[in-house]
Amino acid sequence: MFKTADAFCMAENIVLQATELSIASCIISRGEETFDSEEGRALMKEWGVPDNYICQGFVILGYIDGEQPVSKPRKPGRVRIIE
């Protein structure tokens, strides 16, 4: 029921851990579409992925050539803390 949300929570945790280890990462959300073809199903079979598994997304990892990008400032009024 919540397979996509669960998958992206897992992907977020991978990204957070990668950041902690100074590894760059990116979540790509076209997993299901990527393997919904004859070629995609053949790759999954070659890799030994069970037939009833569905890819929800990818997390790519690597190293940045240069400085770590700085986050852009948030727009004012977008976050509201209510106590």
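The residues of the chain are indexed from 1 along the displayed sequence.
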J.: Would Met44 end up clustered with Ile60 when hydrophobic side chains under 4.5 Å apart are linked, directly or stepwise?
T.: yes

J.: Return the minimal non-hydrogen interatomic distance between Phe8 and Gly57, and the atom names on each side.
T.: CZ-CA, 4.4 Å

J.: Which is it for Leu43 and Glu46 under the side-chain contact (heavy atoms from CB on, under 4.5 Å) test, yes or no, and what are the steps along the way?
T.: CA-CA 5 Å; Leu43 282 172; Glu46 179 184 329; 4.2 Å; yes

J.: For the CD atom on Glu20, are there more than 12 heavy atoms of other groups (residues, nucleotides or ligands in this structure) within a distance under 6.0 Å?
T.: no

J.: Verify side-chain contact (heavy atoms from CB on, under 4.5 Å) between Ile54 and Phe35, making sure each step is shown before the conclusion.
T.: CA-CA 8 Å; Ile54 298 172; Phe35 293 104; over 6 Å; no

J.: Output the distance between atom OG (Ser22) and atom OH (Tyr63), rounded to the nearest 0.5 Å.
T.: 8.5 Å

J.: Can you hop from Ile28 to Ile14 via hydrophobic side chains spaced under 4.5 Å?
T.: no

J.: Measuring only between side-chain heavy atoms, which start at C-beta, is Glu32 closer than 4.5 Å to Thr4?
T.: no

J.: Whether Asp51 and Lys45 form a salt bridge (side-chain N of Lys/Arg under 4.0 Å from carboxylate O of Asp/Glu) is what I want to check.
T.: no

J.: Do Leu16 and Met10 share a hydrophobic cluster, counting only Ile, Leu, Val, Met, Phe, Trp and Tyr and linking them when any side-chain heavy atoms are less than 4.5 Å apart?
T.: no

J.: Which heavy atom of Val15 sits nearest a heavy atom of Ser25, and at what distance?
T.: CG1-OG, 3.3 Å

J.: When rounded to the nearest 0.5 angstrom, what distance separates CD in Gln56 from CG in Asp6?
T.: 9.5 Å

J.: Taking atom CG as the centre, does Asp65 end up with more than 12 heavy-atom neighbours from other residues, nucleotides or ligands that are less than 6.0 angstrom away?
T.: no

J.: What heavy-atom pair brings Ile27 and Glu12 nearest, and what distance separates the two atoms?
T.: CD1-N, 4.0 Å

